[in-house]
Amino acid sequence: MARGLERSGATSSRRFLVVADVFRDESGFTTIGAAVAILLSCSLLFFGLWSARSATRSAGVQSVADACALAAQNEVGEFVLSVRVADATLLTMSLTGISLLGIGAVCCCVPGAEAAGVKLLDSGRAIIQKREDVARVQEKTLNAAQSTLPLAAQTQAQLVVSENSETIDFDALAYVELVPSDAPAVSCGVGSSAKEAADAAINESGSIVEGAKAAEQAAAQASEALREAWLADCGAYPSACMRERAESLADMDAFENPMANSPNSWSFSMALKRARAYYRHRVVAEAPQDSSVEEQARSALRLRFYRYAQGELDKAHAIQMPDGTVDVDLPLLPKNADEMKATDLYTADLFPASNGKLHAWEGCPGVGGVDGSGSLAQLDAGAFSKCEECGLDAAAMGSVAAASTSIDNGFEYHFRAVAEAARTYQQAKNDAIGQSAQVKDAIGGLLDMLNSAIEEAAGNRVEAYPPGRFGSLAALSGTMGATAETPFFQGPDLGSYAAVSAAILVEDSDEDALSNLLSGVEDDIGPPLSDGGETVLKLWSAILGAYGTGVEGLAGAVSGVLDAIPLASASGLGDWASGALLDMLEAAGLEPANTAAAKPVTSNTLPVAMRGDGPVAAAIRSLKGDGS
């Protein structure tokens with residue numbers, strides 16, 4: 001019985017081992033279990049891949065929506081850039097034309113440059129006229145581009161969806177709203193001040209040129225007269241001149257007998273002071289060189305002459321008026337008997353009379369007792385008879401002056417040269433001042449007109465408020481559908497989707513968007529800009545380059561052209577007009593232009609939607625509770 005049980009137990013054990021063999025092998029690895037584990041692992045793996053791909057596709061929906069908004073807003077940014085290019089083109093054309101009018105007027109003030117000045121005036125007027133033609137074309141083009149902005153934005157957004165359809169593996173429909181959707185028309189401005197200034201400059205150019213020539217001739221004559229007077233007074237030293245003669249004849253020191261090294265440091269008042277000091281010394285020092293009657297008579301007549309000269313010099317003056325004119329009155333001392341007869345030496349009762357005769361001095365041997373005085377004029381008229389001792393008559397008095405005036409070893413010779421030059425100088429100087437004043441009045445009036453033209457040009461800036469100036473909203477919708485079948489997992493239908501995004505424009509102050517674009521603008525405009533020659537193109541190029549620096553750049557560009565023009569002249573009108581032009585430009589107050597690049601960036605949708613009136617904006621406000 002026990003053995004039977006033992007056999008029965010053994011049989012059961014063998015059956016269990018047979019069944020266990022199905023699920024194991026000698027390596028300890030279960031064949032069916034391994035298959036199930038692999039199946040589950042593959043299922044989980046492909047499920048994970050499906051989940052990751054689905055999540056990626058879902059994230060791609062938002063990325064594409066963002067790209068659509070950016071693409072739409074980029075169209076707005078390109079339009080803004082076009083507006084700024086138009087503004088730069090038109091403003092710099094206006095400023096170039098106006099500046100050429102100013103430069104041309106300056107050239108008209110400079111003898112030798114007037115032909116170039118008239119040509120620059122013509123070029124300035126031509127550019128101002130050309131600006132109006134360009135403005136009308138630009139205005140039409142910009143308004144046409146602005147009207148197509150919504151369509152262009154929508155087209156660009158749909159292109160973005162199409163380009164990304166394979167990447168995100170679905171078809172989509174994009175809808176873009178520009179906020180706001182409408183915009184006022186773009187105006188390029190119409191001005192009349194620049195044209196009026198151009199017409200005035202052309203009309204007055206002839207009188208400016210003639211006035212400048214007359215002023216230049218008079219100023220050159222005055223300058224030459226001043227130089228001649230300086231040479232006669234002290235410029236020729238140590239050769240014969242007033243200074244050298246005063247030093248030799250009157251032993252005057254450097255304090256009373258100063259030196260000026262150039263006409264610019266000299267004045268007629270210096271010669272006048274020197275002459276007064278000289279005759280003061282001569283009156284004090286005058287004495288006969290011997291005891292003869294002839295020498296004593298000559299000495300007495302010399303003393304009369306010196307005192308007469310003192311009196312004349314006391315009445316003389318050399319004054320410069322506040323308006324620049326001069327009043328120089330230096331006496332022409334007589335150089336012979338004929339000229340002496342026109343002075344007090346001939347007509348005044350200067351000589352002692354005795355016994356019906358006129359004498360050179362009271363100590364004349366022929367004087368028995370002085371019983372009055374008389375003049376040389378009376379002597380010639382027969383009121384007195386000639387003294388046989390001293391021989392006084394008009395010829396004797398005239399010879400005193402002639403001795404030192406007719407040859408260059410006399411002080412009077414050089415003083416007379418100064419006095420004659422003073423008359424020429426005063427006439428020429430005052431003529432130059434008068435002619436210059438007329439030219440300055442004309443230039444000043446023209447600069448006032450140019451200033452008004454600049455102010456008008458600054459107010460006629462090209463500005464636009466296009467659709468999308470507050471931003472762009474993009475909505476993306478479609479159906480994802482089911483994912484592709486896999487051996488281990490069949491994903492469900494993902495259904496429909498929707499995404500919204502917003503983009504706005506921000507300015508990058510570190511990037512000058514116009515610098516490269518404007519570099520070739522002058523090549524596109526064509527005639528008549530090129531008719532003005534190299535100077536015109538150089539000026540416009542400089543103003544274009546300085547577009548973003550405002551009045552400082554404008555003044556610098558004009559200054560660069562003026563520096564190449566020889567403005568120096570005797571009248572000084574060229575330098576004056578140049579300075580007046582630059583002062584006017586610097587005071588014009590032209591503000592720097594905005595040349596920063598406008599770039600689209602994604603933004604929170606609600607701030608943009610709050611300004612929109614389309615369905616996407618309304619939906620966003622509804623979903624987000626109008627921001628509350």
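Worth saying up front: this structure is predicted, and the values here are computed from it rather than measured. We use all heavy atoms of the structure for the numbers below, so side chains are in, but hydrogens, waters and symmetry mates are not.
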Nearest heavy-atom neighbours spanning [X] and [Y]:
{"X": "Lys195", "Y": "Ile128", "value": "N-CG2, 4.1 Å"}
{"X": "Asn261", "Y": "Met259", "value": "OD1-CG, 3.9 Å"}
{"X": "Leu392", "Y": "Ala360", "value": "CD2-N, 3.8 Å"}
{"X": "Ser436", "Y": "Ala215", "value": "OG-CB, 3.5 Å"}
{"X": "Val439", "Y": "Cys109", "value": "CG1-SG, 3.8 Å"}
{"X": "Ala318", "Y": "Ser269", "value": "CB-N, 3.8 Å"}

Within the distance-only criterion (no hydrogens, no angle test), does the side chain of [X] pair as donor or acceptor with the backbone N or O of [Y] below 3.5 angstrom?
{"X": "Glu256", "Y": "Met252", "value": "no"}
{"X": "Glu295", "Y": "Asp290", "value": "no"}
{"X": "Arg276", "Y": "Leu313", "value": "yes"}
{"X": "Ser354", "Y": "Gly369", "value": "yes"}
{"X": "Arg245", "Y": "Ala240", "value": "no"}
{"X": "Glu312", "Y": "Pro331", "value": "no"}
{"X": "Glu456", "Y": "Ser192", "value": "yes"}
{"X": "Arg243", "Y": "Asn257", "value": "yes"}
{"X": "Asn430", "Y": "Val326", "value": "yes"}
{"X": "Thr347", "Y": "Ser375", "value": "no"}

Will you find, in the side chains of [X] and [Y], an N or O donor that is under 3.5 Å from an N or O acceptor?
{"X": "Asp327", "Y": "His317", "answer": "yes"}
{"X": "Glu412", "Y": "Tyr278", "answer": "no"}
{"X": "Asp431", "Y": "Gln427", "answer": "yes"}
{"X": "Ser299", "Y": "Gln289", "answer": "no"}
{"X": "Thr325", "Y": "Asp323", "answer": "yes"}
{"X": "Ser248", "Y": "Glu244", "answer": "yes"}

### Message
With side chain to side chain contact (heavy atoms under 4.5 Å, CB included) as the criterion, how do Ile443 and Trp576 come out once you've worked through the C-alpha distance, each side chain's angles and the decisive distance to 0.1 Å?
### Response
CA-CA 10 Å; Ile443 294 294; Trp576 174 86; 3.7 Å; yes

I'd like to check [X] versus [Y] (side-chain heavy atoms, cut-off strictly below 4.5 Å). Are they in contact?
{"X": "Leu332", "Y": "Glu339", "result": "no"}
{"X": "Leu345", "Y": "Phe305", "result": "yes"}
{"X": "Pro334", "Y": "Tyr346", "result": "no"}

Test: [X] and [Y] ion pair at under 4.0 Å:
{"X": "Lys357", "Y": "Glu389", "answer": "no"}
{"X": "Glu114", "Y": "Lys213", "answer": "yes"}
{"X": "Glu420", "Y": "Arg416", "answer": "yes"}
{"X": "Arg298", "Y": "Glu286", "answer": "no"}

Nearest 0.5 angstrom please: [X] [atom1] to [Y] [atom2], how far?
{"X": "Leu376", "Y": "Leu358", "atom1": "CG", "atom2": "CG", "answer": "6.5 Å"}
{"X": "Asp349", "Y": "Gln378", "atom1": "CG", "atom2": "CD", "answer": "5.0 Å"}
{"X": "Met242", "Y": "Met270", "atom1": "CE", "atom2": "CE", "answer": "10.5 Å"}
{"X": "Ile454", "Y": "Ser94", "atom1": "CD1", "atom2": "OG", "answer": "10.0 Å"}
{"X": "Arg125", "Y": "Leu121", "atom1": "CZ", "atom2": "CG", "answer": "9.0 Å"}
{"X": "Met340", "Y": "Leu333", "atom1": "CE", "atom2": "CG", "answer": "13.5 Å"}

### Task
Evaluate the criterion side chain to side chain donor-acceptor pair (under 3.5 Å) for residue pair Ser262 and Asn264; output intermediate values, then yes/no.
CA-CA 5 Å; Ser262 74; Asn264 295 331; 4.5 Å; no

### Check against side chain to side chain contact (heavy atoms under 4.5 Å, CB included), Leu562 and Leu581
CA-CA 10 Å; Leu562 290 174; Leu581 174 61; 4.3 Å; yes

Please say whether more than 12 non-hydrogen atoms of neighbouring residues, nucleotides or ligands are located less than 6.0 Å from [atom1] in [X].
{"X": "Glu362", "atom1": "CD", "answer": "no"}
{"X": "Arg307", "atom1": "CZ", "answer": "no"}
{"X": "Arg227", "atom1": "CZ", "answer": "no"}
{"X": "Phe384", "atom1": "CZ", "answer": "yes"}

### Query
Do Leu226 and Phe268 pass the side chain to side chain contact (heavy atoms under 4.5 Å, CB included) test, and can you show the C-alpha distance, the side-chain angles, and the key distance before you say yes or no?
CA-CA 8 Å; Leu226 184 69; Phe268 284 97; 3.8 Å; yes

#### Entry: NZ or CZ of Arg274 within 45° of Phe411 ring axis and under 6.0 Å
no

### Query
Checking side chain to side chain contact (heavy atoms under 4.5 Å, CB included) for the pair Met93/Thr89: CA distance, chi angles, key distance, verdict?
CA-CA 6 Å; Met93 286 183 71; Thr89 303; 4.1 Å; yes

